[in-house]
Amino acid sequence: MTATVPAGTTSAGTTDERLDEIFAPIFARIAEGAVAREEDRRLAYDEVSWLREARFGALRVPVEYGGYGATVRQLFRLLIDLATAESNLPQALRVHWSFVEDQISALPAPEAQDWLRKIAEGTLVGNAITEPGVGAIDRYQTRVTAEGDGYRLDGTKYYSTGSLYSDHILVAADKDGERVSVLVDATAEGVTQRDDWDGFGQRLTASGTTEFNGVQVTEDRILGPGYGTAGRTYATSYLQLVQLSVLAGIAQRATDDVSEWVRERKRTFTHSAADLPRHDPLVQQVIGRLTSAAYTARTLVLDIADQLDRLAETGWQDEQLLDKVEFDVARAQATLIPLVLDATTQLFEVGGASITSERLRLDRHWRNARVISAHNPLIFKLQALGDHVLNGTDLPYAWSAGQK
């Protein structure tokens with residue numbers, strides 16, 4: 001398959017209008033099956049294939065390598081729209097975007113050019129970073145060791161988000177005491193993936209267990225410093241912003257779903273202020289809270305995306321900008337999590353017991369928001385923010401989990 005430049009694309013990238021023309025119909029099609037997928041717990045293989053065919057994963061790939069040449073802002077605008085259709089999918093593709101950025105920043109290296117062309121043809125990259133049990137606060141238990149002319153990879157990962165949907169898996173591992181990233185083919189011998197993620201929300205992110213047993217790794221697949229390496233990096237703010245774009249999408253979908261339900265509803269209460277719920281000022285207030293949460297979340301995400309665009313222009317090297325965007329994305333997290341959780345709880349006030357019907361699955365909005373918000377727990381982010389403001393303490397960039 002040969003990468004081609006999308007119609008309507010110039011050397012400056014693709015316009016918002018052209019991107020909407022390509023992806024809005026796909027998002028609408030994905031949205032149609034959201035409730036059914038939730039009921040059946042059916043992983044979104046078909047939906048990912050639609051995105052793959054439209055080369056959604058190549059949004060940030062430069063035009064000269066067959067991609068859309070989208071800005072970071074354009075990417076996150078579309079991630080919010082995708083999350084509105086299906087909140088699981090932006091999270092499932094989260095590490096794919098940082099892998100793409102790493103390749104862009106490595107240009108003109110031949111290896112980076114090769115990977116960008118593969119991504120332009122539809123290749124997707126998942127991840128296997130977090131480990132169960134002892135985890136990786138000290139060092140990763142997943143190890144890369146020399147064997148013959150190459151290496152072997154052994155270990156177990158959990159929260160392998162999106163890897164079941166992907167062609168390659170970016171694995172965080174230990175190599176002689178050094179944190180490294182290893183890129184493994186998802187179908188390589190010795191790779192076992194299980195959809196055993198048991199969270200009560202974001203059920204379709206394919207965030208289960210991945211085992212690596214004697215997986216053969218060549219030198220060129222060890223890509224350098226791995227997640228958790230000390231020092232500043234754009235990746236933590238970038239990856240956190242994907243989570244916040246999911247919250248923005250959840251808030252918008254909750255607004256749309258509940259508004260549609262209220263408009264069609266005739267039943268009300270004897271002590272209500274209007275004959276129809278849609279005319280009741282108390283119901284209108286709830287809808288007002290929902291749409292305000294969706295707007296605020298979208299606005300904050302896109303503001304930080306603009307900052308990431310400016311940071312990308314520096315090659316991700318401006319330390320002052322790195323600190324600012326890390327600070328701002330943490331502050332946005334602290335604002336958006338309670339805002340969206342409150343809104344997706346209050347939505348049930350518009351309609352008595354009938355709004356809790358499993359046929360509607362409106363509970364999924366709160367469940368999904370609650371689970372996505374548990375990543376990088378807010379209490380630790382708030383403490384880091386306060387310490388930074390009061391004492392000038394450096395913000396922590398990498399967040400590893402495990403036993404101390």
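Along the sequence shown, residues are numbered consecutively beginning with 1. What you see below is based on every heavy atom in this structure, not just the backbone, and it leaves out hydrogens, waters and symmetry mates.
- Ion pairing between a basic and an acidic side chain is recognised when a charged N comes within 4.0 Å of a carboxylate O; Arg139 and Glu178 show no such pairing.
- Taking the six-membered ring where tryptophan is involved, the planes of His271 and Phe269 are tilted, since the angle between them lies from 30° to 60°.
- At a threshold of 4.0 Å, the pair Asp280-Arg265 does not count as salt-bridged, since none of the basic side-chain nitrogens sits closer than that to a carboxylate oxygen.
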(request) Starting from the C-alpha separation in whole Å, work towards a yes-or-no answer on side chain to side chain donor-acceptor pair (under 3.5 Å) for Asp16 and Gln74. (result) CA-CA 7 Å; Asp16 287 347; Gln74 287 176 317; 2.9 Å; yes
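- Using a 4.0 Å cut-off between charged side-chain N and carboxylate O, Arg221 and Asp185 make a salt bridge.
- Remark: side-chain polar atoms of Thr255 are paired, donor with acceptor, to backbone N or O of Leu290 under 3.5 angstrom.
- Checking each of Asp323, Thr236, Thr233 against Tyr397 for a side-chain hydrogen bond (donor to acceptor under 3.5 Å, both in side chains) leaves exactly one that passes, namely Asp323.
- Look at Asp257 and Arg253 and you find a salt bridge, because one of the NZ, NE, NH1 or NH2 atoms lies within 4.0 Å of a carboxylate O, short of that distance.
- Between Trp97 and Phe56, the ring center distance clears the sub-6.0 Å criterion.
- Seen from the ring of Tyr140, Arg179 counts as a face-on cation partner, given the 6.0 Å and 45° thresholds.
- We find that Glu131 and Lys157 are joined by a salt bridge, their nearest charged nitrogen and carboxylate oxygen being less than 4.0 Å apart.
- For the pair His96 (side chain) and Gly57 (backbone), a donor-acceptor distance under 3.5 Å is present.
- Taking the six-membered ring for Trp and thresholds of 30 and 60 degrees, Tyr45 and Tyr165 have ring planes more than 60 degrees apart, a perpendicular arrangement.
- Atom OH of Tyr159 sits in a sparse spot, with 12 or fewer heavy atoms from other residues, nucleotides or ligands closer than 6.0 Å.
- Looking only at distances, no side-chain donor or acceptor of Arg361 sits under 3.5 Å from a matching main-chain atom of Val35.
- Salt bridge Arg367/Glu38: present, at least one basic N to carboxylate O contact under 4.0 Å.
- Inspection of the Asn368 and Ser87 side chains reveals an N or O donor paired with an N or O acceptor under 3.5 Å.
- Counting non-hydrogen atoms of neighbouring residues, nucleotides and ligands closer than 6.0 angstrom, the CD atom of Glu358 reaches no more than 12 such neighbours.
- A salt bridge is defined here as a Lys NZ or Arg NE, NH1 or NH2 lying under 4.0 Å from an Asp or Glu carboxylate O, and Glu21 with Arg18 meets this definition.
- Under a 4.0 Å N-O distance rule, the pair Arg42/Glu47 qualifies as a salt bridge.
- Around atom CZ of Phe380, no more than 12 heavy atoms belonging to other residues, nucleotides or ligands sit under 6.0 Å away.
- A salt bridge is defined here as a Lys NZ or Arg NE, NH1 or NH2 lying under 4.0 Å from an Asp or Glu carboxylate O, and Arg52 with Asp167 meets this definition.
- Side-chain contact between Ser181 and Ile222 is absent, with no heavy atoms from C-beta onward closer than 4.5 Å.
- The cationic atom of Arg55 (NZ for Lys, CZ for Arg) lies less than 6.0 Å from the six-membered ring centre of Tyr68 and within 45° of the ring axis.
- Around atom CG of Asn391, more than 12 heavy atoms belonging to other residues, nucleotides or ligands sit under 6.0 Å away.
- Residues meeting the salt bridge (Lys or Arg N to Asp or Glu O under 4.0 Å) test with Glu319, sequence neighbours left out: Arg232.
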(request) Could you walk me through whether Trp366 and Phe348 pass ring-ring contact (aromatic ring centres under 6.0 Å, His included), step by step? (result) CA-CA 10 Å; Trp366 181 87; Phe348 293 98; 9.3 Å; no
(request) Apply salt bridge (Lys or Arg N to Asp or Glu O under 4.0 Å) to the pair Arg278 and Glu264, showing each step before the final yes or no. (result) CA-CA 8 Å; Arg278 65 192 177 94; Glu264 300 300 320; over 6 Å; no
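- Using a cutoff of 4.0 Å between basic side-chain nitrogens and carboxylate oxygens, Asp309 and Arg73 are not scored as salt-bridged.
- A cation-pi arrangement, defined by a distance under 6.0 Å to the six-membered ring centre and an angle within 45 degrees of its axis, is absent between Arg203 and Trp197.
- Within a 6.0 Å sphere centred on CZ of Arg41, heavy atoms belonging to other residues, nucleotides or ligands number more than 12.
- Between Arg310 and Asp306, no side-chain nitrogen of the basic residue sits less than 4.0 Å from a carboxylate oxygen of the acidic one, so the salt-bridge criterion is not met.
- Side-chain contact between Gln91 and Val242 is absent, with no heavy-atom pair separated by less than 4.5 Å.
- A 4.5 Å side-chain heavy-atom check between Arg370 and Phe200 finds at least one atom pair inside the cut-off.
- Counting heavy atoms from C-beta on, the side chains of Leu223 and Val180 never come closer than 4.5 Å.
- Note that the CG atom of Asp328 and the CD atom of Gln240 stand 13.0 Å from one another [nearest 0.5 Å].
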